[in-house]
Amino acid sequence: MSLKDKIASFFFSSNSKEEETEELFLEEQPAPSAAPESPETVIADPSLLEIPADHPIRSLCELWKTQSGQAPGLRLSMDEDGALPSDLVSKEKNRLQSSLKSVCSSRWKSTKGRVRGKHNKKKAEEEDEPIVLDARPWFFLSSDKLCAWMLVFPPVGEGAELSREMLQQSLSAQGICFGLDMALLDRLLHGRDRYFTLYLVARGKPAFDGRNGNIVDYFPRVIERVLDVNEFGQVDYTALNLICNVTEGQEICRLIRPTEGEPGRNVLDQEVPAKSGASVPLPKGRNTEISEDGDSLVATMPGHVEFSGHSFQVKPVLDIDGDVDFSTGNINFVGDVNIKGDVISGFSVRAMGNVYVGGVVEAGSTVEAGGDLTVVKGILGDGSTAIRASRCIFSKYIENSIICAKENLQTDCIVNSKIYCDGDVVVRSGRGSIMGGRTWAGKKVSANAIGAKSEIRTAVSMGGTPCASFERETLRKELKELDQELERLENQLDSPAKSSLMGKVRMKISVAEHKLSHLDEDAKEEQEEENNSRMEFGVAYAGTEIRFGDAFLRLRQESRHCTAKLVCDEIVLI
């Protein structure tokens, strides 16, 4: 049997029995004798309609009370059972109140006109025209037509009472035929509260949009570079896990496909369309491929998995079982480098990815990493050892070296070194001391001890762009050496070799000058901002020099457990 046949059989059932009158009549509540103890105890029902004293529905109620002797309650609630979403009630409440006032005004004017109807002057004292208004069901539909409320106005005079035929005709006229509350409609035919009460008589079936597609990652997109310090203040530099190794054919991530939306039906029996979930492409990058079923991304070669901002890519890892020495030569690699031994003096390691050194970086060597640099046993230089990293540097100790880290630096000890770090310099584990040299950090320096009891000169500079300044210093030094080399070549006898060498030197000078000009332009474009960097230390010995931009402070005595900041262009210890 179709839905419309069910509705028809409900209204025109021949064997319908008159039900017992239900005692659900809502009386108007008398005014409270005393005010509540506090306003917080009064909880307003947001689903109740506001009925001011001059609302036309009150006049209709008085007319019905005079005619029938019954006093209807005026508690008009949109959601008596609390089954509707609060945002729906708040959205439709104003519309419902406006429509209700309009229809009540219209019915009251009609009633008023019939009561006071124009009479013939000759029959002024004869009986007035009788009032004849049938009961009227009034319906209000939500803006999305998923909810329908009904309020029945009682008959006036000899008008007809509410009946099944009247309800069916009104519902048919409005087109409401889906989601009807049949039990409620049947009860209203004989209930005492059928008039001047707001009922939710029909609810449609809402549409459910499909879920969007999603990607489940089996490798992290952002690697947390955090060192764990044990209870003894020691750091295990071998357990950083910065390299995410993958084997050929291993799954990197999996696609969760979107789902189809489920359409709904409104109370007018019209379909409510639903949106299907949006698909998400697999982040395919270099050395990866999509599986045959299209649901996963796999590696096509062993290497290191890295997320480059929009895609996963597999970088090959160069593993060196021993030292970087004559057996390997200098290392210049496009991916990550994993060195189990030492970097011997005189050799260089350059990699576009991360560099891991299981031993020591010896004096006179050069290490440049496009990612993170990890040195398990420390960096032992001779004053000319240059170490650079585009991200972070982690080392057991740093001695007599030149270090440039564009993000953060963490170590146990710094001795007589030049440190350039755009982020934080953290020297808290192990000895946690900075002795001698110069440490320049863009954001923060945190150490257990700075300087020494012997008052060795230890400089700490804060703020600015340390790495850019280091690059400018390096280029100026390189230009000076190239100029000296060009002058030496010019003093030699003319020869084909001389011309070739001079051409190469001039080319290097041109490239270095071009880089230096760009760095100088960038430095001019940088706006001067407030220096919010700070220096934290457990103890700072006499002889320590602190510089924040142009502000300078030299400690004349030992200071403990302080934080140095720049306040009103002066360095203060807090």
Side-chain angles (χ1 to χ4, degrees), residues 308-309 315 330-337 343 346-355 361 364-373 379 381-393 398 401-409 417-423 425 437-443 459 461-490 498-529 531 533 547 549-550:
S308 62
K315 291 184 176 181
N330 293 329
I331 304 298
N332 193 351
F333 195 60
V334 296
D336 297 335
V337 177
V343 179
F347 291 89
S348 65
V349 177
R350 293 179 173 87
M352 295 179 62
N354 302 323
V355 176
V361 175
S365 58
T366 301
V367 180
E368 296 181 6
D372 295 316
L373 170 63
I379 301 171
D382 58 357
S384 63
T385 303
I387 307 296
R388 301 184 186 184
S390 296
R391 291 184 182 174
C392 301
I393 294 180
I398 298 173
S401 302
I402 302 172
I403 307 295
C404 179
K406 292 187 177 181
E407 290 188 5
N408 301 325
L409 168 66
S417 298
K418 294 181 179 180
I419 307 297
Y420 301 84
C421 178
D422 286 345
V425 175
R438 182 193 183 191
T439 300
W440 186 2
K443 296 181 180 178
S461 301
M462 304 300 304
T465 54
C467 289
S469 299
F470 171 72
E471 295 292 341
R472 288 195 294 270
E473 292 176 9
T474 303
L475 286 173
R476 291 190 182 100
K477 182 178 179 181
E478 181 180 351
L479 280 172
K480 183 178 180 180
E481 293 176 352
L482 289 173
D483 289 336
Q484 292 176 354
E485 178 68 14
L486 183 62
E487 183 179 357
R488 185 181 63 82
L489 289 173
E490 288 176 348
K498 173 184 175 180
S499 300
S500 176
L501 291 174
M502 289 182 65
K504 292 180 180 179
V505 172
R506 288 193 178 99
M507 179 62 68
K508 291 180 180 180
I509 291 175
S510 177
V511 172
E513 288 177 345
H514 182 71
K515 290 181 179 179
L516 183 59
S517 64
H518 274 288
L519 289 173
D520 291 336
E521 289 176 2
D522 293 339
K524 292 179 181 179
E525 292 177 358
E526 291 177 358
Q527 298 179 354
E528 294 185 2
E529 298 180 356
N531 194 335
S533 56
R547 187 181 297 275
D550 295 332

> Which heavy atom in Ser390 sits nearest to a heavy atom in Gly370, and how many Å separate them?
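Where Ser390 meets Gly370 most closely, the heavy atoms are CB-O, 3.2 Å.
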> Has Thr366 got a side-chain atom pairing as donor or acceptor with Ser348's backbone, closer than 3.5 angstrom?
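Not at all, since once roles are kept as given, no pair shorter than 3.5 Å links the two residues.
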> In this structure, are over 12 heavy atoms from other groups packed under 6.0 Å from Lys477 atom NZ?
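No.
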> In Å, rounded to the nearest 0.5 Å, how long is the span from OG1 of Thr465 to OH of Tyr420?
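Separation between the atoms: 12.0 Å.
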> Pick from Glu407, Arg472, Lys406: which one makes a side-chain contact (heavy atoms from CB on, under 4.5 Å) with Cys467?
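Going through the options one by one, the only one that passes is Lys406.
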> Do you know which two heavy atoms are closest between Ile398 and Ser417, and how far apart they sit?
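Smallest heavy-atom distance, with atoms named: CG2-OG, 3.6 Å.
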> What pair of heavy atoms forms the shortest contact from Gly381 to Ser401, and how long is it?
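Between these two residues, the closest heavy atoms are N-OG, 3.4 Å.
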> Could you walk me through whether Glu471 and Arg388 satisfy the salt bridge (charged side-chain N to carboxylate O under 4.0 Å, His left out) test, starting with their C-alpha distance in whole Å, then the side-chain angles of each, then the deciding distance to 0.1 Å, before giving a yes or no?
CA-CA 11 Å; Glu471 295 292 341; Arg388 301 184 186 184; 3.5 Å; yes
> So how far is it from Thr385 OG1 to Ile379 CD1, rounded to the nearest 0.5 Å?
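Reported to 0.5 Å precision, the distance equals 9.0 Å.
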> Nearest 0.5 Å please: distance from the CD1 atom of Ile419 over to the CD1 atom of Ile403.
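Between Ile419 CD1 and Ile403 CD1, I get 5.0 Å after rounding to 0.5 Å.
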> State whether the side chain of Asp372 and the backbone N or O of Asn354 hold a donor-acceptor pair below 3.5 Å, judged by distance alone.
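No: the side chain of Asp372 does not pair with the backbone of Asn354.
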> Surrounding CE of Met352 (heavy atoms of other residues, nucleotides or ligands, distance under 6.0 Å), is the total greater than 12?
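Counting neighbours around CE of Met352, 12 or fewer heavy atoms of other residues, nucleotides or ligands fall under 6.0 Å, so no.
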> For residues Glu490 and Met502, report the shortest heavy-atom separation together with the two atoms involved.
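Result for this residue pair: CG-CE, 3.5 Å.
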> Taking only distance into account, with no hydrogens and no angle test, what donor-acceptor pairs under 3.5 Å do side-chain atoms of residues 507-519 form with protein atoms, sequence neighbours excluded?
residue: His514; atom: NE2; partner: His518; partner atom: NE2; Å: 3.1
residue: Ser517; atom: OG; partner: Glu513; partner atom: O; Å: 3.4
residue: Ser517; atom: OG; partner: His514; partner atom: O; Å: 2.6

> Got a second to check how far Asp422's CG is from Cys404's SG, nearest 0.5 Å?
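Asp422 atom CG to Cys404 atom SG measures 7.0 Å (nearest 0.5 Å).
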> Apply the side-chain contact (heavy atoms from CB on, under 4.5 Å) test between Val367 and each candidate in Ile331, Val337, Leu373; give the one that qualifies.
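Of the listed residues Ile331, Val337, Leu373, the side-chain contact (heavy atoms from CB on, under 4.5 Å) partner of Val367 is Leu373.
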> Going by heavy atoms in the side chains, are Cys421 and Pro466 under 4.5 Å from each other?
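Result no, sub-4.5 Å side-chain heavy-atom pair not found.
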> Can you see which heavy atom on Val355 is nearest to which on Ala369, and at what distance?
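Answer, listing the atom of Val355 first, then Ala369: CG2-CB, 3.7 Å.
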> With sequence neighbours left out, write down each residue that passes salt bridge (Lys or Arg N to Asp or Glu O under 4.0 Å) with Arg438, or none if nothing qualifies.
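Not a single residue meets the salt bridge (Lys or Arg N to Asp or Glu O under 4.0 Å) criterion with Arg438.
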> Side chains of residues 479-488: which donor-acceptor pairs under 3.5 Å do they make with residues two or more places apart or in other chains?
residue: Glu485; atom: OE1; partner: Arg488; partner atom: NE; Å: 3.3
residue: Glu485; atom: OE1; partner: Arg488; partner atom: NH2; Å: 3.1
residue: Glu485; atom: OE2; partner: Arg488; partner atom: NH2; Å: 2.4

> When you compare the side chain of Ile402 with that of Phe470, does any pair of heavy atoms fall below 4.5 Å?
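A side-chain contact exists here, since the closest heavy-atom pair is under 4.5 Å.
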> Any heavy-atom pair between the side chains of Leu409 and Thr439 that's under 4.5 Å?
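When only atoms from C-beta onward are counted, Leu409 and Thr439 do not touch, as no gap falls below 4.5 Å.
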> If you measure from CD on Glu368 to CD1 on Ile387, what distance do you get to the nearest 0.5 Å?
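The distance works out to 9.0 Å.
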